[in-house]
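Below, chain A is the first sequence line, B the second, and so on; all start at residue 1.
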Number of protein chains: 2
Amino acid sequence: MRLSKKKRQSQLIESFQKNPFLTDEEVARQCDVSIQTIRLDRMELGIPEMRERLKHMAERSFDEVRSLSPEEVIGEVVSLELDHSGVSVLEISADHVFERNQIARGHYLFAQANSLAVAIVNADLVLTRSAAIRFVRPVTLGEKCVAHAKVVQKQPSRFQVDVETKVLDDMVFQGVFDVYRATN
Amino acid sequence: MRLSKKKRQSQLIESFQKNPFLTDEEVARQCDVSIQTIRLDRMELGIPEMRERLKHMAERSFDEVRSLSPEEVIGEVVSLELDHSGVSVLEISADHVFERNQIARGHYLFAQANSLAVAIVNADLVLTRSAAIRFVRPVTLGEKCVAHAKVVQKQPSRFQVDVETKVLDDMVFQGVFDVYRATN
DNA sequence: CCACATTCTAGTACCTAGTCCTAAATTAGT
DNA sequence: ACTAATTTAGGACTAGGTACTAGAATGTGG
């Protein structure tokens, strides 16, 4: 006997999770059943065909790249007054948290604040020289982090930008960034 | 006249870059040429068919998830003495840099240092309370960043971890992290 | 042991988004 | 006007499927 239907199906779920690139033919051979059986299983389990699986993976990763790369800012900038102030919003998704406890990894909050501090300065090449930051309280999955940045010191090529990130009215992160206009 | 072959082809490259999900049929309509022309173009330019493109994207994102998630550390930890010291290596790839100037975005260096500082502490739930960091010099595409972390102060649930990141013998990043064991 | 249900297998027609190939038609350059 | 480059058309074939029908094998209850 080859395995009951239920066992096969739960094994199937695992297989596709571990390796989404498997074709029906390959798993059929693995389970020693016909290709049609695998297809019926996929129907019942609501698992899409390989091409669709890959497409969804590609979509997800593409969306990430797109939201990161064009503006090169983490979080969505909702208002920006160059050389003065700005606000960005980052909703903590599953990608941002530790699996075990659903707490956001610090560097995402840092990245949000840092890229906002850099975006605020009106120049082609802006880099961070130094920063002092505090993670006031842990942020968890689903929370919407709103970062407010403002320039507090302005010199020809050096800026001090203060960033405060809140969830609702709750302060979660504070940072002071020393950024500079670099000569390209 | 519809556009010269060269213009069409360079537009094609851009289109596929902007949206890898396009089928030949769709771009053919966009360029107002036949599907075969697009296929010849793809051949000449060495652009694979859509399904292959998506597959490669899926592969890349799959690999990333696999290499990032298990340890939840950015960079590869090459040595680790719990509660004492550790070293991790991060090679700056195209994903880490600003497109314009090939300079690594600060938060990747921060992420490497931060996750090493957290990994070093022997406890289930470790979070960063605060940090003071300095980006000593910009890091560019292809450079291999080696972060050395050591615990310089140890209290029951609070640690100060100093991190220095170098490219060869060149200091590029310095950070002092205040991390703590949290009660889960 | 029979009957009936569940489960599995086989096979056909069809789909998309292609490849590979041949051949004809069109356009451009000189 | 002639040749060469470019474009288009079409046919045969492919992978990895969907959707559907029908039959075979394997249970399981009575």
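Comparing D:dT8, C:dT9, C:dT7 against the side chain of A:K5 picks out C:dT7 as the nearest. Here the nucleotide nearest the side chain of B:S34, chosen from D:dT8, C:dG18, C:dA10, is D:dT8.
Rounded to whole Å, the distance from CZ on B:R39 to P on C:dT22 is 18 Å. Rounded to an integer number of Å, the gap from A:I47 CD1 to D:dT18 P is 11 Å. One interatomic measurement links the two molecules: CG of A:L45 to C1' of C:dT7, which rounds to 15 Å at whole-angstrom precision. Regarding B:Q36, its CD atom lies at a distance of 12 Å from the C1' atom of C:dC21, rounded to whole Å. Note: CG (A:D32) to P (C:dT7) measures 19 Å, nearest angstrom. Between the P atom of C:dT7 and the CD atom of A:E44 lies a distance of 8 Å, rounded to the nearest Å. Residue A:D24 contributes atom CG, which lies 7 Å from atom C1' of D:dG17 at whole-angstrom precision. As rounded to whole Å, 15 Å separates atom P of C:dG18 from atom NZ of B:K55.
At a threshold of 4.5 Å between non-hydrogen side-chain atoms, the residues A:D24 and A:E49 do not count as touching.
Ionic pairing of B:E44 and B:K5 is present here: one or more N-O contacts between side-chain nitrogen and carboxylate oxygen are shorter than 4.0 angstrom. Contact check on A:E164 versus A:R134 returns no salt bridge, with no Lys/Arg side-chain nitrogen under 4.0 Å from an Asp/Glu carboxylate oxygen. Remark: A:K154 does not engage A:D83 in a salt bridge, criterion side-chain N to carboxylate O under 4.0 Å.
Contact check, A:T37 against C:dC8: no side-chain N or O comes under 4.0 Å of OP1 or OP2. For the OP1/OP2 pair of C:dT19 and a distance below 4.0 Å, the side-chain nitrogens and oxygens of B:R42 include at least one atom meeting the criterion.
Ring geometry for A:F110 versus B:F110: interplanar angle under 30°, hence parallel rather than tilted (30 to 60°).
For A:R51 against D:dG16, a side-chain-to-base donor-acceptor contact under 3.5 Å is present. Taking 3.5 Å as the limit, the base of D:dG17 and the side chain of A:E52 contain no donor-acceptor pair of atoms between them.
Contact annotation for A:E49: backbone-only contact, meaning every heavy-atom pair under 4.0 Å involves sugar-phosphate atoms and none involves a base. Backbone-only engagement by B:R8 is indicated by non-hydrogen atom pairs under 4.0 Å involving sugar-phosphate atoms exclusively. Across all strands, A:R53 comes closer than 4.0 Å to no nucleic acid atom at all (heavy-atom distances).
DNA chain C is contacted by both B:E25 and A:L40; A:L40 maps to the nucleotide lying nearer its 5′ end (nearest heavy atom per residue).
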